[in-house]
There are 2 protein chains.
Amino acid sequence: MEYNYQTPRYLLVIEQIKEKIQSGELEPGERLPSEMEFSKQLRVSRNTLREALRILEEENIILRKHGVGTFVNRKPQFRGGLEELFSITDMIKREGKEPSTEWLLTGYAEPHSDDREELELKEDERVYLVKRLRKADGEPLVYCIDKMPERKLSNDFEIKGESIFEALQRDAGITISYAKADINTIAYHQEISKMLGCDRDVPLLVLKQIHYDLDDHPILYSLNFFRSDQVSFNVFRKRMV
Amino acid sequence: MEYNYQTPRYLLVIEQIKEKIQSGELEPGERLPSEMEFSKQLRVSRNTLREALRILEEENIILRKHGVGTFVNRKPQFRGGLEELFSITDMIKREGKEPSTEWLLTGYAEPHSDDREELELKEDERVYLVKRLRKADGEPLVYCIDKMPERKLSNDFEIKGESIFEALQRDAGITISYAKADINTIAYHQEISKMLGCDRDVPLLVLKQIHYDLDDHPILYSLNFFRSDQVSFNVFRKRMV
DNA sequence: ACGGATTTGTTCGTATGTATA
DNA sequence: CTATACATACGAACAAATCCG
């Protein structure tokens, strides 16, 4: 066989695969054909294909799993700027998707030790607890736990189908002014991962926030669990010298 | 046996376990005794112990793995504020630990397609590539990949043992002024997780940053992979109405 | 709990084109 | 032109991880 070394064959294979992804022939998350089959399709040796895959993996375009297969990487499509308190509703709308919320639980509950500390609760004070699953076009995206100190709320405080910020404003006359956010990640959570409908190998981004009112009192303690294959956060960072 | 129902027994068990963690008898990451054995130790039934564990898991103090065991959760000890461009060295020093850096690679390399886009590279332009492993008291904490466009640097540009910001300032007269940061997470990375010495179930926090100079030109493209059991990020978020 | 099938990971051997001294 | 080194390309065999009945 004669070779044309103007451009090496594995580079051509890389372009072919990228094109298949661009054109939608290979969708994010989808499995590529097995190396054996794919190499026949593309009319190159398995080794040449593997060299292409090696580079695509380095470029973070595909993900290879030993004994399982090779997959097109999903890129997070929802992005939230962290400088501002973003509304998850807006984040979803910005992507042209339809936001919806599944209300799992509302009502008073006993606080955990964390809650007591973060919300500066008094002895025996309960919290108003809200658990929600928020979706984009019906696909679960975030699981939200929100807690508010009982004493800050009116007796008949209730939330139904509206934003928590709005309910606090209307029912208790409280304006949220800022929040301290903490970002972390967990590998997998039995319940939460299941509710979000994501596999064992999709970690969750955890956004833990304490919201304060205009008088710097802690009002709202939020835990948000985002699907990390759908969401990323971004920040503008200034250099202070 | 007579019971004292002033406080239910499982709450006492919770306190006992928390105390063991506080006192250091149980260390973060350590496995608790099996439920059978532990319940004998604490002189309660396995069910009572399980009720305590259920709550501790809900409070995120322990982690239970089906068929494996129960573990004390590690709390991230290193925290980085995202508003400012923090130095990882400072982040480590702030915790009273000794920072050190293992230089894995420095030199020119071919850019990936991402690099080309983010750094606005010219055709055939290479990047100066730095790979480092940064440690606290000898323990790996972050794996860093940094890339700079060739054309912005002097011919004899070289980095050895100093900060990249300093080297850019000294050798190329470039001042980094701000950065756009993107936060995400990946479940596991064969090489990187191994280098950081963390298990399959510790995800990595990924901080992807593009740094700009005073003229808003992209100068430095950084990928930082943090051990998520050691590090968390925090931000102060203002409400814009 | 086990075995077999599938898939990726690794390492050989071999051959050819390109670049350089 | 030769000798050498290197990157590219193909094929084959085996190891290791995973999946499924």
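Reckoned from all heavy atoms, side chains included, excluding hydrogens, waters and symmetry mates. Naming: A, B, ... by sequence-line order, numbering from 1 per chain.
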Provide, to the nearest angstrom, the distance between the CG atom belonging to A:Leu53 and the P atom belonging to C:dT8. 8 Å
To the nearest Å, how far apart are A:Leu63 CG and C:dT7 P? 17 Å
What does the B/S/- profile of nucleotides 16-21 of chain D look like, 5' to 3', with a 4.0 Å heavy-atom cutoff to protein? BBS---
Scan residues 33-51 of chain A against DNA chain D and write down, sorted by residue number, each residue with any heavy atom closer than 4.0 Å; if none is found, say none. A:Val44, A:Ser45, A:Arg46, A:Asn47, A:Thr48
At less than 4.0 Å, is any side-chain N or O atom of A:Arg9 found next to OP1 or OP2 of D:dC10? Yes or no. yes
Counting any heavy atom closer than 4.0 Å, what does A:Arg31 reach on the DNA or RNA strands: base, sugar-phosphate only, or nothing? sugar-phosphate
Do A:Lys65 and A:Phe71 meet the cation-pi criteria used here (NZ or CZ under 6.0 Å from the six-membered ring centre, within 45° of the axis)? yes
Report yes if the side chains of A:Ile17 and A:Leu53 come closer than 4.5 Å at any heavy-atom pair, otherwise no. yes
Take A:Ile88 and A:Cys144 through the test side chain to side chain contact (heavy atoms under 4.5 Å, CB included) and record every step on the way to the result. CA-CA 10 Å; A:Ile88 292 174; A:Cys144 304; 4.1 Å; yes
Please tell me whether A:Tyr143 and A:Phe226 form a close aromatic pair, meaning their ring centres lie under 6.0 Å apart. no
What's the CD1-C1' distance between A:Ile62 and C:dG9, to the nearest Å? 14 Å
Below 4.0 angstrom, N of the basic side chain to O of the carboxylate: do B:Arg64 and B:Glu35 qualify? yes
Verify the distance criterion only: is there a donor paired with an acceptor across the side chains of B:Ser222 and B:Asn224 at less than 3.5 Å? no
So, is A:Thr70 near the phosphate of C:dT8, with a side-chain N or O under 4.0 Å from OP1 or OP2? yes
Residue set satisfying ring pair (Phe, Tyr, Trp, His ring centres under 6.0 Å) with B:Phe165, at least two apart, ordered chain then number -> B:His211
Kindly give the atom pairs (protein nitrogen or oxygen, nucleotide nitrogen or oxygen) under 3.5 Å for nucleotides 1-3 of chain C.
none

Taking atom CD of B:Glu162 as the centre, does the number of heavy atoms from other residues, nucleotides or ligands within less than 6.0 Å exceed 12? yes
Hey, is the side chain of A:Tyr10 poking within less than 4.0 Å of OP1 or OP2 on D:dA9, counting only N and O atoms? no
Is there a side chain to side chain contact (heavy atoms under 4.5 Å, CB included) between B:Thr185 and B:Leu204? Walk through the geometry before answering. CA-CA 6 Å; B:Thr185 177; B:Leu204 305 177; 5.7 Å; no
Can you list everything that forms a side chain to side chain contact (heavy atoms under 4.5 Å, CB included) with B:Ser39? Sequence neighbours excluded, please. B:Arg46, B:Leu49
Enumerate donor-acceptor pairs with a distance under 3.5 Å from any side-chain N or O in residues 89-109 of chain B to protein atoms, sequence neighbours excluded.
residue, atom, partner, partner atom, Å
B:Thr89, OG1, B:Arg134, NH2, 2.9
B:Arg94, NH1, B:Arg79, O, 3.0
B:Glu102, OE1, B:Lys135, NZ, 2.8

